[in-house]
Amino acid sequence: MSERLKNLLIAGVTLAMAVALVVLVATNESPDDRVERLGASIRCPVCQGEAIGDSPAQMATDMMNLVEERVAGGASDEEIIDELLGSFSGAVLLDPPLSGATLLLWLAPVAALLVGVAVVLWWKSHPGRITTDDRPPATRTRRLVGGLILVGGFGAIVLVAATLLQDRAGPNEGVADVADADLADVSNETMEAVVAANLDNPQINGMRLALAERYFATGDYRAAFPHYLHVAQDGSSSDDEATAALVRLAWMAYDGNDELDTAIALLDEALQIRPGFGGALYWKGQVLWCEGENNQAAELFEQVLADSEFEDDTRSAVEADLARASAGESCQ
C-alpha cells in the first residue's frame with residue numbers, strides 16, 4: 001500500500017468517526033433540549049434583543065408554547081422556525097443556520113482533518129526531523145500523523161459537543177399552542193401580531209374572529225371593527241365566518257352609531273348568505289325590538305327557537321326575550 005493511500009485511509013477513518021459522533025450528538029437530543037435550543041435561536045419581536053426563551057414578555061411565552069407544541073407533534077426544526085418567522089412579525093433568527101454552535105459542531109471535524117493534512121505535508125517536506133528511533137522516517141511519520149489526526153480531531157469534536165450539550169440545559173416553558181383552536185391562553189397582543197403577519201392568509205380568519213369577539217365582549221367596538229370587516233369582505237371566508245362577521249358589524253353599527261338602516265342591511269345580507277341563520281334572525285329581532293317593533297321582534301325570536309338548535313342557556317335567553325317582547329316590554 002502506498003504512503004499516499006495510507007494517509008488517505010487514516011483521514012477517511014477520522015472523518016467517518018467524526019461524522020458518527022456528530023450524528024450521535026444530534027440524535028441524542030431530548031424534546032426539552034430541542035425546545036430550549038430553538039427558544040434560544042429566535043429573537044422576541046417585542047423585546048430588546050432577547051431570545052424568546054429568555055424573555056418574560058407574553059408574546060415570547062406564546063411563541064415558546066408554540067415551539068413546545070410543535071416539538072411534541074414531531075415537527076422538524078426547519079418547519080418550526082419557518083412557522084415562527086412567518087406568523088410573528090418582527091421575529092428573526094438570533095443564530096442563523098450554519099453559525100454559532102451549529103457551525104462549530106459541523107466544522108470541527110473538517111478543521112481537524114485539514115490540520116492533519118497540513119501536518120502530513122509539513123513532515124513529508126522535512127523527513128529528516130524525526131530521529132527518535134531506528135524505524136524508517138516514512139513509517140514514523142505515518143504513525144505520528146495518524147495519531148495527531150485522531151487525537152486532534154476527536155479532541156475538537158468532543159470539546160464542541162460537550163459545550164453544546166451543556167449549553168442546552170435550562171428550564172422548559174410552554175403549555176399552549178398559538179395556532180390551536182383553543183386560544184384562551186394566547187394574549188391579544190400575540191394574536192394581533194399573528195394576524196398582522198398573515199394578512200392575506202384566509203386560514204387566519206378564525207383567529208381574527210376570535211380576537212374580534214374578545215374586543216366585542218368588552219365593548220371595544222373600535223378594535224373589533226377592522227377584524228370583522230376584513231372577514232366580511234374577504235372572498236375566501238367561509239359562509240359561517242362571513243355571516244358571523246356581518247351580524248357583529250350590524251349590531252355595532254346600531255349600538256355604537258345608531259345606524260338602523262345599515263344594521264338591517266347587514267343582517268339581511270347575512271340572511272341572504274345563510275337563509276334562516278339563527279344568529280342573524282336573533283340580532284335583527286334585537287334591533288327591531290329596541291326600535292319599538294315588539295311584534296316583529298317576537299316573530300323573529302319565534303323563528304329562532306323553531307329553526308335553530310342552541311344550548312339550553314342560549315335557548316332560555318331567547319325564550320326570555322320573546323316573553324318580554326310579547327308582553328310589550330322594552331329591550332334591555
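Just so it is clear, the values below take in all heavy atoms, side chains as well, and ignore hydrogens, waters and symmetry mates.
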Donor-acceptor pair, Asn257 side chain versus Ala253 backbone, under 3.5 Å?
no
Can you tell if the side chain of Trp251 reaches within under 4.5 Å of the side chain of Phe216, non-hydrogen atoms only?
yes
Locate the shortest heavy-atom distance separating Leu267 from Lys284; write the atom from each residue and the value.
CD1-CA, 3.4 Å
Paired with Arg274, the salt bridge (charged side-chain N to carboxylate O under 4.0 Å, His left out) test is passed by just one of Asp239, Asp268, Asp240, namely Asp240
If the test is side chain to side chain donor-acceptor pair (under 3.5 Å), which one of Glu192, Arg214, Glu213 qualifies with His227?
Glu192
Going through the checks in order, is the ring pair (Phe, Tyr, Trp, His ring centres under 6.0 Å) test met by Tyr221 and Tyr215?
CA-CA 7 Å; Tyr221 292 170; Tyr215 293 136; over 10 Å; no
Is there a side-chain contact between Asp62 and Val194 (heavy atoms, below 4.5 Å)?
no
What are the two closest heavy atoms between Ser76 and Arg34, and how far apart are they?
C-NH2, 3.5 Å
Could you check whether any side-chain heavy atom of Leu84 comes within less than 4.5 Å of a side-chain heavy atom of Ile80, counting everything from C-beta outward?
yes
Of all residues at least two apart in sequence or in a different chain, which pass the side chain to side chain donor-acceptor pair (under 3.5 Å) check with Asn205?
Asp234, Ser237
Does some side-chain heavy atom of Asp321 sit less than 4.5 Å from a side-chain heavy atom of Arg324?
yes
Could you tell me if the side chain of Leu322 sits less than 4.5 Å from the side chain of Glu319, heavy atoms only?
no
Could you check whether atom CG of Asn295 has more than 12 heavy atoms from other residues, nucleotides or ligands sitting under 6.0 Å from it?
no
OG of Ser236 to CD1 of Ile204: how many Å apart, nearest 0.5 Å?
11.5 Å
Rounded to the nearest 0.5 Å, what separation is found between the CD1 atom of Ile52 and the CE atom of Met63?
4.5 Å
Taking all atoms of both residues into account, what is the closest heavy-atom pair of Glu241 and Gly206, and its distance?
OE2-N, 3.9 Å
Heavy-atom side-chain contact between Leu38 and Arg70 under 4.5 Å
no
Using 30° and 60° as the class boundaries, would you call the ring planes of Tyr282 and Phe301 parallel, tilted or perpendicular?
tilted
Any side-chain heavy atom of Leu209 sitting closer than 4.5 Å to one from Tyr228?
yes
Kindly give the heavy-atom pair with the smallest separation between Ala325 and Asn294, and that separation in Å.
O-ND2, 3.2 Å
